[in-house]
Amino acid sequence: MTPHANPAEPAEFVVGRLMFPQARGRYVLGAGGGDWLRGGTAWTVDYPEADRTLARLLARLTKIDVRAVEQPVNLDDDNDAYYWPFLISGLVGAWDLTDAQAKKLREYLLRGGFLLCDSFYGTPEWEGFVEGLKRVFPDRPIVDLPDDHPIFHLVYDLTNRPQIPTLQHLPIGYRNDGAVPHWRAILDDDGRVMVMISFNNDIGDGWQWADEPAYPADAAHLAIELGVNFAVYALTH
């Protein structure tokens with residue numbers, strides 16, 4: 001199936017990218033200056049190449065009617081976020097959501113939205129991520145997903161999930177103390193994954209560098225299969 005290239009043309013699935021202001025005052029990768037409304041901050045990591053690659057892969061590997069062009073989503077834009085039920089957010093160790101943005105994101109997720117948090121590593125970035133996430137869900141725990149969770153088996157059987165590395169940090173593949181990959185989530189009251197947390201991984205790099213000879217083919221393969229599983233899960237749960 002060929003993805004829709006026209007942003008105005010309706011499609012069953014659109015890859016959304018969550019925009020966010022970012023932290024200052026302590027070291028977190030991606031923190032610092034830049035106008036987040038103009039793409040000058042950490043939310044643009046892997047954007048738009050990873051998003052468009054995922055759209056092409058979904059069109060090739062599934063029967064999902066997908067739009068080729070990604071959708072940046074600003075939580076401050078009235079009710080716009082509710083039109084884009086699948087969001088990706090990278091370098092979330094640097095996000096610094098306002099109270100109003102956190103409230104909007106909580107409502108979006110409780111209404112059925114899905115958020116993939118990716119491309120962050122190690123203790124300092126985890127702490128920055130949790131600080132922001134607690135504004136969204138102060139009372140919901142972050143849980144480790146078991147290997148038999150449906151999100152890992154809907155299309156591809158992904159019981160074995162080694163680390164998906166960042167290209168710029170090869171051959172080690174990670175930064176900080178982020179050597180061990182973790183697959184975590186926040187669930188709603190019915191057990192649905194609202195926030196998929198790909199910690200100590202860089203799925204976005206696996207998508208956009210899948211054809212790069214220097215990038216490990218097995219990691220790219222896993223990233224692609226995870227992307228398919230996540231999209232199908234978001235559409236069916």
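This is a predicted model, so every value here is computed, not measured.
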*Could you check if a side-chain atom of Phe20 sits within less than 4.5 angstrom of a side-chain atom of Gln101, using non-hydrogen atoms only?*
no
*Where the side chain of Thr62 meets the backbone of Ala59, is there a donor-acceptor pair that is under 3.5 Å apart?*
no
*Measure the shortest side-chain to side-chain distance between Asp46 and Ser119 over non-hydrogen atoms and say whether it is less than 4.5 angstrom.*
yes
*Taking only residues two or more places apart in sequence or in another chain, which ones pass side chain to side chain contact (heavy atoms under 4.5 Å, CB included) with Asp218?*
Pro216
_Membership question, hydrophobic clusters at under 4.5 Å side-chain separation (ILVMFWY): are Tyr174 and Tyr215 in the same one?_
no
*Distance, nearest 0.5 Å, that separates CG of Leu18 from CG of Leu75*: 5.0 Å
_Any heavy-atom pair between the side chains of Arg140 and Met194 that's under 4.5 Å?_
yes
_Please say yes or no: joined through hydrophobic side-chain contacts below 4.5 Å, possibly via intermediate residues, are Ile172 and Tyr121 part of one cluster?_
yes
*Between Arg52 and Val69, what is the shortest heavy-atom contact and its length?*
NH2-CG1, 4.3 Å
*Would you say Ile88 and Trp207 make side-chain contact, with heavy atoms under 4.5 Å?*
yes
*Within the side chain of Gln208, is there an N or O that forms a donor-acceptor pair under 3.5 Å with the backbone of Glu49?*
no
_Does the structure place the NZ or CZ of Arg135 under 6.0 Å from the centre of the six-membered ring of Trp95, at an angle of no more than 45° from the ring's axis?_
no
Run the side-chain donor-acceptor check on residues 108-118: report pairs under 3.5 Å with partners two or more places apart or on a different chain.
residue: Tyr108; atom: OH; partner: Trp84; partner atom: O; Å: 2.7
residue: Tyr108; atom: OH; partner: Pro85; partner atom: O; Å: 3.1
residue: Tyr108; atom: OH; partner: Phe86; partner atom: N; Å: 3.4
residue: Arg111; atom: NE; partner: Glu107; partner atom: OE2; Å: 3.0
residue: Asp118; atom: OD1; partner: Ser198; partner atom: OG; Å: 3.4
residue: Asp118; atom: OD1; partner: Ile203; partner atom: N; Å: 2.9
residue: Asp118; atom: OD2; partner: Ile203; partner atom: N; Å: 3.1
residue: Asp118; atom: OD2; partner: Gly204; partner atom: N; Å: 2.9

*Between Gln163 and Asn200, is any side-chain donor less than 3.5 angstrom from a side-chain acceptor?*
no
*Is Asn201 reaching over with its side chain to a backbone N or O of Ile164, donor-acceptor style, under 3.5 angstrom?*
yes
*Asn176 (side chain) donor-acceptor with Glu125 (main chain) under 3.5 angstrom*: no
_Measuring only between side-chain heavy atoms, which start at C-beta, is Tyr156 closer than 4.5 Å to Leu154?_
no
*Can you name the closest pair of heavy atoms from Ala94 and Ala42 and give their distance?*
CB-CB, 4.0 Å
*Quick one: does Val193's side chain get under 4.5 Å of Tyr233's, heavy atoms only?*
yes
_Distance-only donor-acceptor check, side chains Thr159 and Asp147, under 3.5 Å_ = no
*Taking the side chain from Asp188 and the backbone from Gly191, do they hold a donor-acceptor pair closer than 3.5 Å?*
yes
*Grab the two heavy atoms, one from Ala50 and one from Arg17, that are nearest each other, plus how far apart they are.*
CB-NH2, 4.3 Å
*Would you name the heavy atoms of Met196 and Leu145 that are closest together and state the gap between them?*
SD-CD1, 3.6 Å
*Is Arg67 paired with Glu12 through a side-chain N to carboxylate O contact shorter than 4.0 Å?*
no
*Side chain to side chain, Trp126 and Ile197, heavy atoms closer than 4.5 Å*: yes
*Could you tell me the separation between the OG1 atom of Thr44 and the OH atom of Tyr47, rounded to the nearest 0.5 Å?*
8.5 Å
*Charged N to carboxylate O below 4.0 Å: is that the case for Asp99 and Lys104?*
no
*Sub-4.5 Å side-chain heavy-atom contact between Pro72 and Asn74*: no
*Any donor-acceptor pair under 3.5 Å linking the side chain of His182 with the backbone of Arg184?*
no
